[in-house]
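Basis for what follows: all heavy atoms, side chains included, without hydrogens, waters or symmetry-related copies.
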Amino acid sequence: MATYDSNSDLKLISDLRSLLAATLAKSDATLPDDIGKAATTAKALSEAEKAAIDARTQQRFEQKKVIFAALVPIVSMLTVLVTILVQYFQLKETHQLNESQIYEARRQNESMQWREFLDNLRTSSATIQSDPTFAPRLRSFFSSPIVGAQASEVAKRLMGNMANVLGFKDLFNMTFVEINSDNIEDAVDVGRILRNSLRLNDENCRVFYQRLEEGQRAKLNLDLDGSFCAQEVTEKAIRDAGLTSIEMARLLELKEIARNLISETQFLSEMIATWMRTTFPGGSQPSKETISLKGLRLDEADLSNVDFSSFDLSGVEFSWVTLDHAKITPRIYGEIPYFIQTKWWDADTIQPDLLDYLLRDRYPYHWDSSYPDGDVDRSTYQERISALCKPMRPNCTPSQLLFGTKEH
């Protein structure tokens, strides 16, 4: 449909008015008829101009009506959207406030329960062994974002200082279930604490022994250079030493603590060793991150076929450990690892500088008198060193190899 254009009419009227004025100026129109015709024409032009202006005004009005009609739903929609946004942010702010209040209430409640749990732990020495609710209550805190980390630390500290094998295993199964890549660091922490507990108990035994009279010490006949509390002492020797009932009870208590801590160490060692054999067997891909076993004691564990290339073995104590076909090439060992009553020569590979140390200071029967799987044969030892020492070095030749005596 064609659209009426009032602007064109106005321009035409203006042109006609200019033409009329020019015509009158050039003509000699003085007669009344001419003047009347000119006036009539001017009037018609004025009326036409007015009509054109009115039409233009009406046209603009209609255009605005169309625009306004189109804008109404848009404005309505925007109003609804703004209303929804305002309500959304109000609800969000209310929700955040409610969450903050709920979290604060939960924090206060869990903190109160945790304090009560710790108070009960401090005041009851038999809680772990005698209270059947202890383990479930401690476990309930593990998933807490508020006290979960503290609960985990408490569990590790309790295990590391607990001289009760059944209680230790219960707490271990509750805390770890099994060793994996996510909790190996925590398991190693427990092992380190156990090792420190053993050392502390051994020192207590040593102090106890040194306070005895010389004749009593002679009858007990314990080696102060060895692991004191772990040494066997017969009841007859204790009776013959003439210990008082208090001294006898104290000695038996210290030795019981030592036995339990060693048993717990052996249990944890095998759990860690199982994970190592599964995760890092010979030929496996090394871990990108170094896994620290620093300061750990591994006791009576089977580490056969383990590749130690991913590990920090600084100061690790291998006691009565099996290392058949292992690859002892640790990524780090700042402090020399200790091999006690362990046939390290059964490994497939040993780092050259570490091998030199072992040949010099941990050769068979130098410090130890017994090993897993029986006695050590000199010819077998020589064969194993020949296989380990590649390329062959002078200190690896049979004539240079050190070999002690079993009676040592």
Side-chain angles (χ1 to χ4, degrees), residues 1-27 29 32-117 136-137 139-153 177 180-183 185-186 288-289:
M1 179 183 292
T3 303
Y4 171 68
D5 189 358
S6 59
N7 290 327
S8 299
D9 288 350
L10 287 171
K11 186 175 186 305
L12 178 60
I13 292 168
S14 178
D15 291 342
L16 289 174
R17 182 179 282 115
S18 298
L19 180 61
L20 176 61
T23 302
L24 290 174
K26 290 180 181 180
S27 66
D33 288 344
D34 294 335
I35 295 173
K37 289 178 181 180
T40 300
T41 302
K43 180 180 179 183
L45 290 172
S46 296
E47 291 175 351
E49 183 179 30
K50 182 178 181 303
I53 292 172
D54 291 343
R56 184 174 65 178
T57 302
Q58 182 63 29
Q59 183 184 37
R60 289 177 175 174
F61 176 72
E62 293 297 331
Q63 289 174 342
K64 290 179 180 180
K65 280 177 63 179
V66 171
I67 294 172
F68 290 151
L71 287 175
V72 167
I74 296 174
V75 172
S76 299
M77 185 180 296
L78 288 174
T79 302
V80 171
L81 287 174
V82 170
T83 302
I84 291 174
L85 284 173
V86 170
Q87 292 177 345
Y88 167 76
F89 285 113
Q90 288 176 339
L91 287 172
K92 184 177 180 181
E93 184 176 353
T94 302
H95 180 69
Q96 289 175 339
L97 179 61
N98 289 338
E99 278 192 335
S100 176
Q101 292 173 342
I102 292 171
Y103 176 82
E104 180 60 24
R106 179 184 175 187
R107 187 190 68 79
Q108 292 180 0
N109 183 50
E110 287 192 1
S111 297
M112 181 181 67
Q113 292 179 1
W114 179 242
R115 285 194 298 272
E116 291 176 353
F117 178 82
R137 283 191 295 138
R139 181 169 49 226
S140 69
F141 292 109
F142 284 175
S143 60
S144 168
I146 299 165
V147 298
Q150 296 179 51
S152 178
E153 285 299 317
V177 181
N180 55 49
S181 299
D182 294 328
N183 62 27
E185 183 177 344
D186 290 331
K288 292 182 180 179
E289 301 294 329

Report, one line per pair, each donor and acceptor closer than 3.5 Å where one atom sits in a side chain of residues 74-85; sequence neighbours left out.
from	atom 1	to	atom 2	distance (Å)
S76	OG	V72	O	2.8
T79	OG1	V75	O	2.8
T83	OG1	T79	O	2.7

Task: N/O donor-acceptor pair under 3.5 Å between N180 side chain and N183 backbone - done: yes

Task: Residue pairs passing the side-chain hydrogen bond (donor to acceptor under 3.5 Å, both in side chains) test where at least one lies in residues 144-153, sequence neighbours excluded - done: E110-S144, W114-Q150, E153-K156

Open item on the list: Using every non-hydrogen atom in the two residues, find where S140 and S143 come nearest and quote the distance to one decimal.
Closed with: O-OG, 4.1 Å

- [ ] Please say whether more than 12 non-hydrogen atoms of neighbouring residues, nucleotides or ligands are located less than 6.0 Å from CD in E185.
- [x] no

